[in-house]
Amino acid sequence: MASTEPEHRRDDDDDNAPAEDEDTGAQVAPIVKLEEVAVTTGEEDEDPILDLKAKLYRFDKEGNQWKERGGGNVRLLKHKVTGKVRLVMRQSKTLKICANHLVHRSLTVQEHSGNEKSCVWHASDFADGELKDELFCIRFPSVENCKTFMTTMQEVAESQGEREENKDASDTAGLLEKLTVDENKSEEKELEKVMNTEKLAVSEDKSKKKELEKVTNTDEKDEQDVEEKPSLRYIR
């Protein structure tokens with residue numbers, strides 16, 4: 001008759017074995033300790049004034065066709081110090097930059113013909129690490145978003161124009177003020193030069209007078225000596 005003890009032992013072992021998902025309470029220290037690294041995006045000194053989801057295209061002149069650059073959020077960022085505004089767009093998954101350029105007063109956005117959800121514009125783009133003149137086309141999920149983008153871009157371009165004009169006026173005023181200061185300094189130097197010349201002339205006059213007095217005194221002394229000599233001879 002075969003014994004069934006081993007089978008019972010196996011059953012007991014199975015009952016005592018921990019379940020696969022059971023927490024044993026053991027703590028395993030990591031082999032390599034990783035330190036937290038601060039990641040900068042280059043946008044820390046900028047405030048977002050527009051953030052919309054869209055898909056961006058660029059016109060390929062060689063192939064004479066539109067090519068997709070990626071889909072993601074297009075944003076307008078205003079610098080906290082300089083006040084300059086730039087357009088930045090990254091691909092939603094890879095975060096690769098699709099567009100990166102400043103919004104100048106000469107920039108104009110136009111509605112794409114035949115599509116109310118799209119618009120086009122020219123810009124000197126720096127997305128690839130060097131400035132390139134690009135023709136962009138952007139498509140939004142709705143007409144409202146497209147109109148919002150066009151209106152905001154136009155307002156920013158106009159504000160940048162006013163800021164540049166104010167800066168030019170300020171620079172001009174500063175230049176005029178500098179010229180005035182320089183002219184005043186030049187006049188002061190010229191006046192100082194004239195005064196120094198006059199002082200030199202007076203000093204020369206005094207020196208001549210002293211020299212003349214010295215010569216006169218010498219002549220008088222000689223005359224006295226001449227007058228005294230005959231009287232000495234007469235005494236002898």
Next item on the list: Walk me through it: do Leu135 and Lys61 pass the test side chain to side chain contact (heavy atoms under 4.5 Å, CB included)?
Entry: CA-CA 9 Å; Leu135 174 60; Lys61 296 178 182 178; over 6 Å; no

Single-linkage hydrophobic cluster, 4.5 Å side-chain cutoff, [X] and [Y] together:
| X | Y | answer |
| --- | --- | --- |
| Val109 | Ile49 | yes |
| Leu50 | Leu77 | no |
| Ile97 | Val103 | no |
| Leu56 | Val88 | no |
| Leu107 | Leu52 | yes |

Out of curiosity, [X] [atom1] to [Y] [atom2], how far, rounded to the nearest 0.5 Å?
| X | Y | atom1 | atom2 | value |
| --- | --- | --- | --- | --- |
| Glu130 | Lys132 | CD | NZ | 5.0 Å |
| Arg58 | Gln65 | CZ | CD | 10.0 Å |
| His79 | Lys84 | NE2 | NZ | 9.5 Å |
| Ser159 | Gln154 | OG | CD | 10.5 Å |
| Met153 | Thr151 | CE | OG1 | 11.5 Å |
| Phe149 | Leu76 | CZ | CG | 6.0 Å |

Next item on the list: Give the C-alpha distance, both sets of side-chain angles, the deciding distance and a yes or no for side chain to side chain contact (heavy atoms under 4.5 Å, CB included) between Val74 and Phe140.
Entry: CA-CA 10 Å; Val74 58; Phe140 295 92; 4.0 Å; yes

Notebook entry, point to check: Between His112 and Tyr57, does a side chain to side chain contact (heavy atoms under 4.5 Å, CB included) hold up when you go through it step by step?
Noted result: CA-CA 12 Å; His112 191 269; Tyr57 302 83; over 6 Å; no

Next item on the list: Identify the heavy atoms of Ser92 and Leu95 that sit nearest to each other, and give their distance.
Entry: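 Scanning both residues completely, I find the closest heavy atoms to be O-CD2, 4.2 Å.
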
Note to self: Looking at Glu68, I want to see if its CD is surrounded by more than 12 non-hydrogen atoms of other residues, nucleotides or ligands under 6.0 Å.
What the structure shows: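 Atom CD in Glu68 is crowded, with more than 12 foreign heavy atoms closer than 6.0 Å.
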
[Y] backbone acceptor or donor facing [X] side chain under 3.5 Å:
| X | Y | result |
| --- | --- | --- |
| Asn73 | Lys53 | no |
| Arg69 | Cys98 | yes |
| Asn115 | Lys117 | yes |

Checklist line | Any Gln160 side-chain heavy atom under 4.5 Å of His104 side chain | finding: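 No - every pair of side-chain heavy atoms lies 4.5 Å or more apart.
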
Item checked: Worked verdict on Cys119 versus Ile138 for side chain to side chain contact (heavy atoms under 4.5 Å, CB included) -> CA-CA 6 Å; Cys119 55; Ile138 193 167; 3.5 Å; yes

Next item on the list: Can you label the angle between the Phe136 ring and the Trp121 ring as parallel, tilted or perpendicular, going by 30° and 60°?
Entry: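 Tilted.
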
Note to self: Here's a test for you: under salt bridge (Lys or Arg N to Asp or Glu O under 4.0 Å), which of Arg86, Lys80, Lys78 qualifies with Glu46?
What the structure shows: Arg86

Item checked: salt bridge (charged side-chain N to carboxylate O under 4.0 Å, His left out) between Arg90 and Glu43, intermediate numbers included -> CA-CA 13 Å; Arg90 298 176 183 268; Glu43 302 172 4; 3.7 Å; yes

